[in-house]
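Notes follow the structure.
First listed ligand is number 1; within each ligand, the first listed atom is number 1. Heavy-atom basis, side chains included; hydrogens, waters and symmetry copies ignored. Quick caveat, the model's predicted, so the values are computed rather than measured.
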Amino acid sequence: MRTVRSLSDLRARLAEARRAGRTIGLVPTMGAFHEGHLSLMRRAREACEVVVVSLFVNPAQFNDAADLDVYPRDEDRDAAMADAEGVDYLFAPDVTEVYPDGFATSVAVRGLTDGLEGAHRGHGHFDGVTTVVSKLLNMVGPDVAYFGQKDAQQATVVRRLVRDLNFPVRIEVCPTVRAEDGLALSSRNALLSADERAQATALYRALRSVQAAVAAGERHPDRATEAGFSELATARIEPEYLAIVAADTMEPVTVIEGNVLVAVAARVGTVRLIDNVPITVMRRTLSHTETTVATPHGAPTT
Ligand code: AMP
């Protein structure tokens with residue numbers, strides 16, 4: 001694996017692969033790799049002939065300067081881990097390579113970014129994400145780019161960005177990788193004390209309890225989230241949000257049906273964590289239609 005710092009070097013190295021018609025996969029990351037990142041790299045390695053992992057702690061998407069300051073960084077460890085996964089290029093540019101003097105452009109997706117993370121971190125967060133993702137897609141020119149379900153709203157926003165601006169890339173979203181006790185892996189988990197790490201397991205328990213309520217037939221979002229709120233309260237966690245939203249719009253639902261997402265964000269100590277579980281509830285009308293179709297001439301079978 002080769003670490004590349006400059007855009008000109010990256011372009012020169014990828015030009016040959018592109019001319020030869022080799023498929024290029026990109027995994028955008030902010031480093032401090034864990035199994036979640038590695039799962040994206042493995043998926044890219046399986047499907048693409050050239051795998052590029054970008055490592056860039058993007059200052060533009062941090063709404064909190066203290067969060068940026070303490071964000072874990074260990075490029076040597078990351079490079080060794082990416083190398084072990086068979087990654088071809090680690091693109092690790094300096095901030096000035098990405099945002100040279102005079103940089104003045106911003107890419108913004110509206111609507112989808114209003115709720116959840118957008119509401120709590122401000123519009124600037126997603127503007128930072130969509131601007132840097134646009135740049136990375138233009139820099140690398142991948143055929144496929146890999147994102148994690150862990151950041152579900154981000155993945156949905158990126159899909160919309162790519163569709164709206166006609167980026168010639170396929171976006172693939174990979175499942176959330178969890179620790180054995182259910183906590184979603186995150187670079188920020190390294191900042192938790194032992195007690196906070198134990199406390200943080202309540203996030204996934206809360207999501208699971210909402211999922212269980214829906215599986216038991218609850219279709220009202222307020223009632224379905226009750227058990228989740230009480231799991232969090234028991235762990236003395238006050239969530240920024242625990243909400244059920246439509247998976248395509250990220251807007252709160254009034255009835256739980258179709259593809260929805262149960263999403264949570266909370267501070268555990270000073271560390272802000274997010275997690276979600278997708279749920280699909282078949283619409284009753286759909287199964288009714290299927291039943292009707294399966295019955296010849298609508299004749300009752302019993
Ligand atoms: P980050 O370095 O946190 O910006 O994450 C880089 C990519 O890895 C993003 O697409 C994340 O959604 C994804 N990712 C982070 N954590 C996980 C996880 N636990 N499981 C799967 N993907 C993840």
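Hydrophobic side-chain contacts under 4.5 Å tie Val255 to no other Ile, Leu, Val, Met, Phe, Trp or Tyr residue.
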For ligand 1, output the ligand-protein N/O contacts shorter than 3.5 angstrom; if there are none, return none.
from: ligand 1; atom 1: 2 (O); to: Met30; atom 2: N; distance (Å): 2.9
from: ligand 1; atom 1: 2 (O); to: His37; atom 2: NE2; distance (Å): 2.8
from: ligand 1; atom 1: 5 (O); to: His37; atom 2: NE2; distance (Å): 3.4
from: ligand 1; atom 1: 10 (O); to: Gly148; atom 2: N; distance (Å): 2.9
from: ligand 1; atom 1: 12 (O); to: Gly148; atom 2: N; distance (Å): 3.2
from: ligand 1; atom 1: 12 (O); to: Gly148; atom 2: O; distance (Å): 3.2
from: ligand 1; atom 1: 12 (O); to: Asp151; atom 2: OD2; distance (Å): 2.7
from: ligand 1; atom 1: 16 (N); to: Leu185; atom 2: O; distance (Å): 3.4
from: ligand 1; atom 1: 19 (N); to: Val177; atom 2: O; distance (Å): 2.9
from: ligand 1; atom 1: 19 (N); to: Leu185; atom 2: O; distance (Å): 2.9
from: ligand 1; atom 1: 20 (N); to: Val177; atom 2: N; distance (Å): 2.8

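Between the side chains of Ser209 and Glu231, no donor N or O sits under 3.5 Å from an acceptor N or O.
Not counting sequence neighbours, the partners of Ala152 by the side-chain contact (heavy atoms from CB on, under 4.5 Å) test are Gln149, Leu261, Asn276. Qualifying salt bridge (Lys or Arg N to Asp or Glu O under 4.0 Å) partners for Asp88, counting only residues two or more places apart in sequence or in other chains: Arg45.
Residue Asp275 holds its CG atom at 11.5 Å from CZ of Arg208, rounded to the nearest 0.5 Å.
Using a 30° and 60° split on the angle between ring planes, Tyr71 and Phe62 fall in the perpendicular class, above 60°.
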